[in-house]
Each structure stands twice: as C-alpha cells, then as structure tokens.
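What you see is a predicted model; the values in this text were computed from it and never measured. So you know, we letter chains A, B, ... as the sequences are listed, proteins then strands, and number each from 1.
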2 protein chains.
Amino acid sequence: MAILLPVKRAFLIYESPSLNEALSRIEEAFVEQRTVLIVGRCWVEYRGRASSKLKPGERIVIVKEDGSLLVHRCRGYEPVNWQPPGCFFKTHMNDNSLTVKAIRRSPRETVIIYFDQIYLLSTFKLIDEGEFSIYASEEDIQKAILLNPSIIEDGFTPIEYEKKVESGFVDVYGVDKEGRMVVIEIKRRTVGKDAVLQLARYIESIKTSAGREVRGILAAPQISGEARDLLTSLGLSFKRVDPKKCSEMFRKVKDKKISDFLQAEEV
Amino acid sequence: MAILLPVKRAFLIYESPSLNEALSRIEEAFVEQRTVLIVGRCWVEYRGRASSKLKPGERIVIVKEDGSLLVHRCRGYEPVNWQPPGCFFKTHMNDNSLTVKAIRRSPRETVIIYFDQIYLLSTFKLIDEGEFSIYASEEDIQKAILLNPSIIEDGFTPIEYEKKVESGFVDVYGVDKEGRMVVIEIKRRTVGKDAVLQLARYIESIKTSAGREVRGILAAPQISGEARDLLTSLGLSFKRVDPKKCSEMFRKVKDKKISDFLQAEEV
DNA sequence: GAGTGGATTTCGCAT
DNA sequence: ATGCGAAGTCCACTC
C-alpha cells in the first residue's frame with residue numbers, strides 16, 4: 001500500500017534571511033540536491049589550476065544539482081568564479097559570515113564563498129526535459145559536403161570522413177575530377193592562420209605516407225587576409241561555404257547517417 | 001534645496017507573479033537598468049551565428065545591467081543560451097506567454113525567450129566594487145622567467161618579450177650561454193601538438209629572417225606524449241615550469257614592470 | 001572593424 | 001585517465 005508523504009513545496013524563497021536561517025536552508029538543499037540561488041554580499045577565494053581573490057561585493061551565486069557553481073558579478077557574460085559539475089559542497093558559519101565551499105577532486109580545486117549578507121535565497125528543483133537542438137555546426141557542413149560534394153567543386157567525390165592520418169583526423173577526404181587526392185579541412189567561421197597550418201600539416205603527413213600529390217582545400221565561410229596569404233604560399237586553396245545553407249541542406253535528410261552519404265569506394 | 005524622492009527598495013522579489021505583473025516589473029527593470037532574475041518555465045529560440053531551439057522546461061534566466069543574457073538549465077557550467085553584453089531587450093505578451101527578446105547588433109543575433117510560468121522574479125542593482133585579482137596566468141610565468149632566467153637554464157639571458165616575428169609574437173626571446181638565439185613559448189598548462197607547431201612556426205620564421213641557428217624551448221608545466229615526440233622530431237626542447245611557483249615569485253615584485261626585468265641589450 | 005592568441009576555458013569523443 | 005579539437009566559444013589587445 002502506497003503511503004503518501006507530504007510533498008515539499010517545489011520553490012522555496014527566502015527574502016533577506018538571517019545567515020543562520022540561510023545556512024539551514026542551504027544545507028537542506030544540498031542534501032536534497034536542490035538548486036540553490038543566492039543574491040548577497042560576498043567575497044570569494046579560488047585555489048586550483050590558478051588562484052584568485054575577489055573582494056566583497058554583491059553577486060549572484062548559483063549551485064546546481066549536478067554540483068556546478070557560478071558566481072556572477074553585475075556585468076559580463078562570464079562568471080567571475082565557478083566550478084564545473086561534480087563538486088561537493090561544505091557549509092558553515094564563521095565569524096559572522098556564512099561559508100559555502102565547493103570542492104573539486106580532479107584537478108583538486110576549491111572555491112570558497114563568504115557571505116555576510118543575503119538578500120535573496122531560493123532553492124528548488126528545476127523540471128526540464130526540453131530538447132535542445134542546434135544548427136549550423138561544423139558537423140552540419142561536413143554532412144552537407146558529403147551529401148552534395150559539388151559544394152566544394154564540380155567532380156569532387158568524397159571517399160572518407162574523419163580519416164585518421166599521422167597527425168590527427170582529416171575532416172573529409174576524396175578525389176577531384178582529375179583523380180587527384182583532395183583533403184578538406186572544415187571550419188564553421190572565419191579561419192585564421194592556425195587552420196591553414198593545421199591543413200598544411202595534414203597534407204604534409206599524407207603526402208609523405210601516400211607518396212603522391214595531394215590537394216588541400218579549406219572550406220569555411222571566410223578567411224582572414226593573412227591566412228589567405230599563407231594558404232596561397234603553401235599551395236592550398238579556399239572554398240567559401242555558408243554554414244546556414246549547409247545546415248538547411250542537412251536538415252532535410254537529418255535521419256540519414258553520415259556513412260550513407262558516401263557514394264564512392266576507396267581508390 | 002534638495003528634494004528627497006522616495007527611494008525605491010533595492011531588492012524587489014515577486015513570488016509566482018502573473019505574467020502580466022511580471023511583464024510590468026521586467027519592463028520597469030529594463031528602463032532602470034536593473035538586473036533581472038527569473039526562474040520559470042520557458043522555451044527559447046536563438047538565431048545568429050548559428051540557430052538553436054530549446055523546448056519548454058524550467059530554467060534560470062538572468063539579464064544583467066550591461067545587457068548580457070544567460071539562460072541556465074538545471075545542469076552544467078555553461079548557459080544553454082546566452083548573449084554577451086551590449087544587447088537591447090524587448091518584451092511583450094503574446095498568446096498567454098511573456099516574451100523577452102534580446103537583440104545584438106554585431107553580429108546580428110536574437111535570443112527569444114517565451115515564458116508561460118514564472119515562479120520567481122527578482123530585480124535589483126548589485127553594488128559591487130570589489131577588486132578581483134588572479135595569479136598563475138601565462139603572463140606570470142613570463143614575468144618569472146624574465147625576473148629569474150635560470151628557470152629556463154643556466155646562462156640564459158632574456159632580451160625581449162612579446163617580440164614581433166613574421167607569424168606572430170614570441171613570448172620570450174634571448175640568448176643562451178653559448179650565445180645562440182633562444183625562442184621560448186610559454187603555456188600555463190599541459191601542451192599539445194598545437195603549441196609545438198606554433199613554436200616551430202616561430203623558429204622557422206626567425207631562422208629565415210635572421211639567417212642563423214635558433215633554439216626553441218617550450219616552457220610549460222607538462223607536455224603530452226605525442227607533442228613531445230613531435231617536439232623532438234623538430235629539434236626543439238621542453239622545460240618544465242610550475243605556474244604557481246612562478247606566480248609566487250612574481251608576486252614579490254609585482255610593483256615592477258616587465259621591462260625592468262630585462263638586463264641585457266639586444267644582440 | 002578585422003585579426004590573433006589566451007582561458008581556472010568547457011565539452012565531447014576517442015584512445 | 002590522457003589527448004585532441006570544436007565552440008553561437010568569450011575576451012583583451014593590436015592594427
């Protein structure tokens with residue numbers, strides 16, 4: 001027989017709680033793996049890969065159910081201090097301040113937050129099964145090229161994707177209408193010299209092992225002037241692709257696997 | 001004569017407001033450049049460099065006074081959707097949902113959030129002048145090497161830092177005890193093949209323009225196995241440095257400028 | 001505004 | 001665990 005226990009209200013909100021009151025509510029929330037949201041005056045110490053100190057001020061602090069931590073100042077997209085998921089937390093009162101300590105195991109790191117005033121404390125469990133989908137990634141471009149190789153040039157035939165070479169993976173590899181080997185490096189945004197060097201390295205590695213001519217094509221929406229100079233001097237080429245159009249193209253056949261797109265056999 | 005206006009309470013907190021009530025409070029907050037914190041059920045569309053859709057679920061939404069936007073799900077360090085500072089915002093009611101739209105000018109991007117339920121709304125101005133200081137950055141290592149060149153090796157004499165070469169900037173450049181040119185690339189953490197290639201590129205560029213032998217040293221706390229192989233095959237070398245120790249060393253003389261550390265003249 | 005490189009990058013994937 | 005590369009990366013800095 002089922003016993004109905006009293007259901008704890010989902011959203012707990014405390015306005016300007018005392019530090020002792022806040023301590024109790026936060027500890028409860030940690031036990032129950034509730035998300036904790038605090039707006040208050042605090043100072044922060046971080047020790048780990050680097051170290052940092054943040055002097056007192058009013059901030060927004062979030063501890064999520066997965067053990068991630070965010071400390072946000074009044075400005076900026078990025079948190080001033082944080083920890084990725086997986087931390088465990090300790091709390092205690094100390095000289096008129098409430099301490100929340102986030103501890104990470106590997107790498108060993110700690111973030112310690114000292115509150116001397118809390119304006120808002122809220123703890124809750126977020127119910128969120130909503131699907132997240134994103135378009136116009138590098139993978140979408142890759143699929144579009146495999147699906148419609150003429151994006152690169154007439155007569156291009158892809159043979160493999162994510163092909164392992166000595167120094168890493170080639171995004172797409174195939175042959176042109178003259179039968180020459182073609183290696184394609186894909187970037188979803190303006191490419192700089194790094195991408196050119198990366199492609200050059202792949203070409204070098206393949207030339208050495210295959211012992212024949214290899215064409216290198218950088219497929220991206222844009223290329224910087226200096227990168228183009230370098231590209232040209234290395235005998236490589238650039239093909240403009242529009243990530244959005246690629247993404248739209250791919251969306252029509254999104255049920256297909258990448259491997260279905262390959263129509264030619266290895267040469 | 002000064003007129004005392006009624007002071008608006010700093011922290012406004014609304015528990016489960018109606019969408020219409022929330023709309024008014026949010027619009028007020030935007031006008032007054034207050035930070036807006038919302039916990040509620042929403043769905044999100046993003047269009048810009050890429051596109052994304054997030055189906056309904058409960059999330060934490062923050063709009064900061066500088067026009068940055070964060071949408072956080074119940075897990076993870078990173079926001080699921082966001083905008084960096086500088087957005088402007090529009091709000092309106094629409095078919096039983098409250099819409100908050102963030103618009104960025106360059107690149108042109110929009111994030112649209114539709115709420116159909118709000119559990120917590122809070123608006124406030126954070127007072128935060130607290131200084132933030134961080135230690136053990138790549139710059140700290142650079143300073144430590146300039147301050148105490150024997151970190152690299154006995155007899156090493158730095159000559160320049162951030163020296164411009166054809167393909168970028170060399171972190172530190174100097175001569176060894178034999179008078180050979182030395183180029184040092186600094187990384188604050190484990191280095192992979194990219195850093196090796198970067199150093200190799202600098203060496204190549206300098207060799208070409210200087211027309212003489214150049215030694216390359218990668219200074220970092222660690223190097224990956226494959227990166228070490230590549231390093232060796234390219235005739236470069238690795239020097240282990242501890243970012244923390246470098247940082248401590250630097251802290252003792254943090255009032256000095258980098259340029260004060262250079263004791264030798266250009267050769 | 002473009003271009004470059006760092007970051008307590010984080011994240012995911014493969015070895 | 002290590003290694004590697006992408007990311008709507010963001011950000012600071014230079015030209």
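- Residue K187(A) contributes atom NZ, which lies 14 Å from atom P of dT4(C) at whole-angstrom precision.
- Between S224(B) and dC4(D) there is a side-chain N or O to OP1 or OP2 distance below 4.0 Å.
- Considering only side-chain N and O atoms, S106(B) lies under 4.0 angstrom from the phosphate OP1 or OP2 of dG1(C).
- Between R188(A) and D242(A) no salt bridge is recorded (no basic side-chain N to carboxylate O distance below 4.0 Å).
- Distance, E226(A) CD to dG3(C) P: 8 Å, rounded to whole Å.
- Electrostatic pairing of E248(B) and K244(B) does not count as a salt bridge here, judged by no charged N lying under 4.0 Å from a carboxylate O.
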- Message: I'd like to know whether R228(B) forms a salt bridge (Lys or Arg N to Asp or Glu O under 4.0 Å) with E226(B), so could you lay out the CA-CA distance, the side-chain angles of the two residues, the decisive distance to 0.1 Å, and finally the verdict.
- Response: CA-CA 5 Å; R228(B) 186 182 274 281; E226(B) 294 200 29; over 6 Å; no
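- Residue contacts for G192(B): at a heavy-atom cut-off of 4.0 Å it reaches the sugar-phosphate backbone alone, with no base atom in range.
- dC10(D) atom C1' lies 17 Å from atom CZ of R75(A), rounded to whole Å.
- Under a cut-off of 6.0 angstrom, the local environment of CZ in R104(B) is crowded, with over 12 non-hydrogen atoms contributed by other residues, nucleotides or ligands.
- Shown here are the side-chain hydrogen bond (donor to acceptor under 3.5 Å, both in side chains) partners of T35(A), two or more places apart in sequence or in another chain: there are none.
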Which pairs would a plain distance check flag for residues 36-49 of chain B, meaning a side-chain donor or acceptor within less than 3.5 Å of a matching protein atom at least two apart in sequence or in another chain?
| from | atom 1 | to | atom 2 | distance (Å) |
| --- | --- | --- | --- | --- |
| R41(B) | NH1 | D116(B) | OD1 | 3.2 |
| R41(B) | NH1 | D116(B) | OD2 | 2.5 |
| Y46(B) | OH | R49(B) | N | 3.0 |
| Y46(B) | OH | A50(B) | N | 3.4 |
| Y46(B) | OH | E109(B) | OE2 | 2.4 |
| R49(B) | NE | E109(B) | OE2 | 2.8 |
| R49(B) | NH2 | E109(B) | OE1 | 3.2 |

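- Among the nucleotides dG5(C), dG3(D), dA6(D), the one closest to the side chain of Q198(A) is dA6(D).
- Summarising the geometry, the separation between CG on L197(A) and P on dG5(C) is reported as 9 Å, rounded to the nearest angstrom.
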- Message: Please determine whether salt bridge (Lys or Arg N to Asp or Glu O under 4.0 Å) holds for the pair K187(B) and D194(B), giving the CA-CA distance in whole Å, both sets of side-chain angles, and the decisive distance to 0.1 Å.
- Response: CA-CA 11 Å; K187(B) 295 291 168 193; D194(B) 280 6; over 6 Å; no
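- What separates CG of D171(B) from P of dT4(C) is a distance of 17 Å, to the nearest Å.
- Distance check on atom P: dT8(C) versus dT4(C) gives 23 Å, rounded to whole Å.
- Computed from coordinates, the H72(A) NE2 to dC10(D) P distance equals 14 Å when rounded to whole Å.
- Going from atom CG of D194(B) over to atom C1' of dT2(D) covers 16 Å, rounded to whole Å.
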- List the protein contact pattern of nucleotides 8-15 of chain C with one symbol per nucleotide (5' to 3'): B for base contact, S for sugar-phosphate-only contact, - for none; contact means a heavy-atom distance under 4.0 Å. BBBS----
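- In terms of phosphate contacts, K193(A) brings no side-chain nitrogen or oxygen within less than 4.0 Å of OP1 or OP2 of dG3(C).
- To the nearest angstrom, C1' of dA6(D) lies 17 Å from CG of L199(A).
- Here Q222(B) lies out of heavy-atom contact (under 4.0 Å) with every strand.
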